[in-house]
*Asks:* 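Take a look at this one; I'll ask things after.
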Amino acid sequence: MTIEKKTIKTIKIDVDKCNGCRACEVICSAFHASPKYSSNNPARSRIRVIHEPLKDVYVPVYAGEYAVAECAGRDKYIIDGKEYDECAFCRASCPSRDLFREPDSGLPLKCDMCEGEDEPLCVKWCLVDALTYEEREAVIEAAAAGPGEIETGLEALVNKHGLAKVMDMVAQLAKPTKR
């Protein structure tokens, strides 16, 4: 193992400031549309606002790593007297729920911090400053690399549609198109 420095990017969430406007969901889904900003589908957003209507509580949660298996923990949290299941605030895309999955393909979604932008657009568009972008340096031990995003995505597609169908689609996409 080697030791290296890594920049850790996070979005700090202040639940007390969130008013549930969902501007973060709108801009995230528009940024990740293909082509960019061509549509708005909140199901494609990498951030979701969890809402408790009786207490008027809003909790923004952004997508984290893909989890191959359902977690074993089922902790409970009490916020303003209301009990919440741990899954309500979990950032992972996992087999036990559809949150943070691409609606058409079923592939897991993960926040990419709006790669190519100086900060995530959900942070820029948050009018009440409930979201704050932070970077910090961390020293980590680099281990052998696990499966990457492409492998995880292909595995999910094969599991959903079958190997033959995925191979046929890749062959079709590899054909040169006439312009």
Side-chain angles (χ1 to χ4, degrees), residues 1-11 13 22 24-51 59-75 84-117 119-123 133 135 138 140-179:
M1 287 194 193
T2 60
I3 296 188
E4 58 185 53
K5 283 189 176 183
K6 182 177 181 180
T7 300
I8 307 294
K9 300 175 181 182
T10 60
I11 298 173
I13 300 168
R22 299 192 190 278
C24 55
E25 290 180 2
V26 172
I27 191 59
C28 183
S29 69
F31 179 80
H32 289 95
S34 184
K36 275 187 186 176
Y37 308 111
S38 63
S39 66
N40 177 352
N41 180 353
R44 288 190 171 87
S45 176
R46 275 81 170 151
I47 188 166
R48 304 287 168 81
V49 177
I50 310 300
H51 179 221
V59 181
V61 178
Y62 65 98
E65 296 292 330
Y66 172 71
V68 179
E70 193 173 320
C71 68
R74 289 288 183 248
D75 296 333
Y84 294 87
D85 186 276
E86 183 175 27
C87 283
F89 310 112
C90 181
R91 297 180 47 222
S93 172
C94 77
S96 67
R97 62 193 185 140
D98 290 331
L99 193 65
F100 299 128
R101 290 192 179 271
E102 166 60 45
D104 299 325
S105 66
L107 291 173
L109 298 174
K110 179 184 175 200
C111 177
D112 59 4
M113 300 285 171
C114 295
E115 196 171 306
E117 299 290 320
E119 70 178 350
L121 294 178
C122 60
V123 173
Y133 178 65
E135 285 186 9
I140 60 166
E141 290 184 18
E149 289 181 18
I150 293 175
E151 291 85 359
T152 301
L154 283 173
E155 182 180 3
L157 284 172
V158 168
N159 289 342
K160 182 172 183 174
H161 301 289
L163 181 60
K165 191 168 185 177
V166 172
M167 289 178 67
D168 288 343
M169 181 53 69
V170 169
Q172 287 177 15
L173 291 172
K175 291 179 185 176
T177 58
K178 295 179 183 177
R179 296 200 189 253

*Asks:* Give me the atom names and distance for the closest heavy-atom approach of G153 to L107.
*Replies:*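 Looks like O-CD2, 3.0 Å.
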*Asks:* Determine, stepwise, if the pair H32 / R44 fulfils side chain to side chain contact (heavy atoms under 4.5 Å, CB included).
*Replies:* CA-CA 7 Å; H32 289 95; R44 288 190 171 87; 5.5 Å; no
*Asks:* Which heavy-atom pair separates L121 from Y37 by the least distance, and what is that distance?
*Replies:*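 Looking at all heavy atoms of both residues, the shortest contact is CD1-OH, 3.4 Å.
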*Asks:* Are any non-hydrogen side-chain atoms of F31 and V26 less than 4.5 angstrom apart?
*Replies:*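 No, too far: nothing below the 4.5 Å cut-off.
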*Asks:* Looking at residues at least two apart in the chain, or sitting in another chain, which of them share a side-chain contact (heavy atoms from CB on, under 4.5 Å) with S39?
*Replies:*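 Counting only residues at least two positions away or on another chain, S39 forms a side-chain contact (heavy atoms from CB on, under 4.5 Å) with A33.
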*Asks:* Rounded to the nearest 0.5 Å, how far does CE of M167 lie from CG of L154?
*Replies:*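 Between atom CG of L154 and atom CE of M167 there are 11.0 Å.
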*Asks:* Side chains of N41 and S29: is there a donor and an acceptor less than 3.5 Å apart?
*Replies:*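 Judged by distance alone, the side chains do not pair up.
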*Asks:* Using every non-hydrogen atom in the two residues, find where F100 and R48 come nearest and quote the distance to one decimal.
*Replies:*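 For F100 versus R48, the nearest heavy atoms are CE2-CG, 3.5 Å.
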*Asks:* Do the non-hydrogen side-chain atoms of R22 and H51 ever get within less than 4.5 Å of each other?
*Replies:*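 Touching, per the 4.5 Å side-chain cut-off.
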*Asks:* Looking at every non-hydrogen atom in both residues, tell me the closest pair between C28 and R46 and how far apart they are.
*Replies:*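 C28 and R46 have their closest heavy atoms at SG-N, 3.0 Å.
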*Asks:* So, for G64 and K110, which heavy atoms are closest and what is the spacing to 0.1 Å?
*Replies:*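 Looks like O-CG, 3.3 Å.
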*Asks:* Is V59 close to V49 at the side-chain level, that is, under 4.5 Å between some pair of heavy atoms?
*Replies:*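 No, side chains not in contact.
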*Asks:* Would you name the heavy atoms of P60 and I47 that are closest together and state the gap between them?
*Replies:*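 For P60 versus I47, the nearest heavy atoms are CB-CD1, 4.2 Å.
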*Asks:* Name all residues meeting the side-chain contact (heavy atoms from CB on, under 4.5 Å) criterion together with V123; count only those two or more places apart in sequence or in a different chain, and write none if there are none.
*Replies:*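 Per chain and number, V123 pairs via side-chain contact (heavy atoms from CB on, under 4.5 Å) with I11, E119, P120, L131, Y133.
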*Asks:* Could you give me the CA-CA distance, side-chain angles and deciding distance for L109 and Y62, then say whether side chain to side chain contact (heavy atoms under 4.5 Å, CB included) is met?
*Replies:* CA-CA 10 Å; L109 298 174; Y62 65 98; over 6 Å; no
*Asks:* Looking at NE2 of H161 and CG of D168, how far apart are the two atoms once the value is rounded to the nearest 0.5 Å?
*Replies:*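 Those atoms lie 13.0 Å apart.
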*Asks:* Is it true that, when you exclude K9 itself, more than 12 heavy atoms of the residues, nucleotides or ligands shown sit nearer than 6.0 Å to its NZ?
*Replies:*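 Count not over threshold, so no.
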*Asks:* If you count the non-hydrogen atoms of other residues, nucleotides and ligands that lie under 6.0 Å from CD in E135, is the total more than 12?
*Replies:*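 Correct, the count exceeds 12.
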